[in-house]
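Heads up: the structure comes next, in structure tokens.
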Amino acid sequence: MPDLSYDSAAPLNLSVDRLAERPGVTISRCEFDNAEGDRVVGYLVEPEGTPAAGVVYMHTTSFAEGFLPEAIQLAEAGGIGLCLGFHYVDDQVASIRQSVQSIRRGADLLLQRTDTIAAVGHSGGALMTTVVAGIDRRFRCFVLEVPMAGLTHHWRDTSHPNIVRMRSALPKDLFESTLDAMAPYDAEHFIGDVEQPVFFQFARFDIGVTAAESAEFYAMASEPKEQRWYDSGHVINDVTAYADRARFLAKHLDLPGLPDALARRLQA
């Protein structure tokens, strides 16, 4: 296993820039120190008063904005949300490590405000969340949207056009050496060590992650776990998926108002 230890007591040097307010909710742009690499940039969404629970979100396809509407609903229900994006840097291992550590530093931030936290990840963010889930016991539960066994599997096997072009463009020796360096961080090495409840959300029409790959990864996970499938592509835009996430987080974070916050949006 790679060494992902860090000093959780190190100063975050948090900066917060308030962007907007909604009834009972404050939305801010935030930055804080990562354990490695550049500062982490994201959105901090806070409720009035002391948060009852918190969630670190990491989206890959839509960056830090991907889960922002759900973080606002979380705050409407009394929680605090931190929205992060996957860290894209030229060094692939550094990209993975910085993404993993930003989730953990995000946990350090939220645990200064509440003692109950969860993590939600999409795609590559789900893989980074899986790494965290396997080594960090501070989280109450996890949601993994369109995950798979690891980035090396994705790079080697996917038929997604962008990855196919990348495979064709890279010299074979560079491609293989990059996969070798990334392999220790693949989610398959961590998912079996997760002790907290995990909710898997899979897409039937995902051009990047096949149904077989999804089923294989789910089988690697220990109990307690559950899964749902949606008639969607890689970015699951089925409102049922949003409702399922809300119910799962409400149950494990003791936030009974979270499904109602989503329902109010649908009725508006």
Side-chain angles (χ1 to χ4, degrees), residues 1-16 28-47 50-60 63-64 66-68 70-72 74-75 77-87 95-122 124-145 147 185 187 190-191 193-199 245 248-255 258:
M1 285 287 189
D3 183 6
L4 287 162
S5 59
Y6 77 104
D7 181 7
S8 61
L12 287 163
N13 295 313
L14 175 67
S15 65
V16 177
S28 302
R29 188 80 164 167
C30 70
E31 290 189 20
F32 54 89
D33 289 348
N34 204 350
E36 302 175 17
D38 297 332
R39 279 169 63 80
V40 182
V41 179
Y43 294 96
L44 187 64
V45 186
E46 302 172 274
T50 302
V55 177
V56 181
Y57 299 90
M58 178 170 281
H59 210 286
T60 308
F63 305 101
F67 285 117
L68 185 55
E70 292 181 56
I72 295 171
L74 178 77
I80 180 171
L82 177 63
C83 297
L84 308 176
F86 189 87
H87 289 243
S95 182
I96 293 168
R97 290 185 63 91
Q98 290 178 34
S99 297
V100 168
Q101 300 293 39
S102 70
I103 296 172
R104 303 186 75 193
R105 288 298 274 162
D108 296 339
L109 171 58
L110 295 188
L111 286 169
Q112 294 178 356
R113 292 158 166 79
T114 181
D115 59 4
T116 303
I117 61 171
V120 176
H122 162 82
L127 303 191
M128 303 304 102
T129 299
T130 302
V131 175
V132 172
I135 62 176
D136 197 321
R137 302 296 177 231
R138 297 177 295 173
F139 295 82
R140 184 72 60 86
C141 64
F142 299 92
V143 179
L144 306 178
E145 184 182 77
Y185 300 91
F190 299 87
I191 189 63
D193 293 326
V194 181
E195 299 175 354
Q196 301 89 339
V198 183
F199 180 35
R245 274 199 294 274
F248 179 83
L249 292 171
K251 173 183 175 181
H252 292 287
L253 298 181
D254 193 22
L255 285 174
L258 185 53

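Computed over heavy atoms, backbone and side chain alike; hydrogens, waters and symmetry mates excluded.
Closest heavy-atom contact between Ala64 and Cys83: O-CB, 3.2 Å. Arg39 and Leu12 make their closest contact through NH1-O, 3.9 Å (heavy atoms, listed as atom of the first residue, atom of the second, distance). Between Ala52 and Leu255, the shortest heavy-atom contact is CB-CD2, 3.8 Å. Taking both residues in full, the closest heavy atoms of Phe32 and Arg105 are given as CE1-CB, 3.7 Å, listed atom of the first, atom of the second, then distance. Minimum heavy-atom separation, Phe86 to Ser95: CE2-OG, 3.2 Å. Nearest heavy atom pair, residue Pro147 against residue Ala126, reads CB-CB, 3.8 Å.
Judged by distance alone, the side chain of Ser99 and the main-chain N or O of His87 form a donor-acceptor pair under 3.5 Å. Here the side chain of Thr60 pairs a donor or acceptor atom with the backbone of Gly124 at under 3.5 angstrom. Listed for the Thr114 side chain is no donor-acceptor partner under 3.5 Å among the backbone atoms of Leu111. The backbone N or O of Val40 lies less than 3.5 Å from no partner atom in the side chain of Asn34, so there is not a single donor-acceptor pair. At distances below 3.5 Å, at least one donor-acceptor pair connects side-chain atoms of Gln101 with backbone N or O atoms of Leu4.
Interatomic distance, CZ of Phe199 versus NZ of Lys251, reported as 11.0 Å (0.5 Å rounding). Interatomic distance, Ser102 OG to Met58 CE, rounded to the nearest 0.5 Å: 3.5 Å. Here the straight-line distance linking atom CD of Gln196 with atom CZ of Arg140 works out to 10.0 Å at 0.5 Å rounding. For the atom pair CZ of Phe67 and CG of Leu84, the computed distance is 11.0 Å after rounding to the nearest 0.5 Å. Atom CG in Asp3 sits 9.0 Å away from atom CD1 in Ile135 (nearest 0.5 Å).
Two residues are said to be in side-chain contact when any heavy atoms from C-beta on lie closer than 4.5 Å; Leu82 and Val55 fail this criterion. Within the 4.5 Å cutoff, the side chain of Met128 has heavy atoms near those of the Ile103 side chain. Contact of the Asp33 side chain with the Pro11 side chain is not registered, since no non-hydrogen atoms from C-beta on lie closer than 4.5 Å. The closest side-chain heavy-atom distance from Leu110 to Leu44 is below 4.5 Å. Considering only heavy atoms from C-beta on, Pro197 stays 4.5 Å or farther from Phe142 through its side chain. Side-chain contact between Thr130 and Leu144: present, with at least one pair of heavy atoms (C-beta onward) separated by less than 4.5 Å. Within the 4.5 Å cutoff, the side chain of Phe248 has heavy atoms near those of the Val143 side chain. Side-chain contact between Val41 and Cys30: absent, with no pair of heavy atoms (C-beta onward) separated by less than 4.5 Å.
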TODO: Could you walk me through whether Cys141 and Leu249 pass side chain to side chain contact (heavy atoms under 4.5 Å, CB included), step by step?
DONE: CA-CA 8 Å; Cys141 64; Leu249 292 171; 4.0 Å; yes
TODO: Go through Val120 and Glu145 one step at a time and tell me if the side chain to side chain contact (heavy atoms under 4.5 Å, CB included) criterion holds.
DONE: CA-CA 8 Å; Val120 176; Glu145 184 182 77; 6.0 Å; no
TODO: Please step through side chain to side chain contact (heavy atoms under 4.5 Å, CB included) for the pair Asp254 and Thr116, ending with a clear verdict.
DONE: CA-CA 9 Å; Asp254 193 22; Thr116 303; over 6 Å; no
- [ ] Go through Leu14 and Leu109 one step at a time and tell me if the side chain to side chain contact (heavy atoms under 4.5 Å, CB included) criterion holds.
- [x] CA-CA 9 Å; Leu14 175 67; Leu109 171 58; 3.7 Å; yes
Open item on the list: Would Tyr6 and Arg104 count as a side-chain hydrogen bond (donor to acceptor under 3.5 Å, both in side chains) here? Give the steps.
Closed with: CA-CA 9 Å; Tyr6 77 104; Arg104 303 186 75 193; 4.5 Å; no
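Arg138 and Asp108 are joined by a salt bridge, as a carboxylate oxygen and a charged side-chain nitrogen come within less than 4.0 angstrom of each other.
The closest side-chain donor-acceptor pair between Tyr43 and Arg29 falls under 3.5 angstrom.
Residues Phe63 and His59 place their aromatic rings such that the two centres sit no closer than 6.0 Å.
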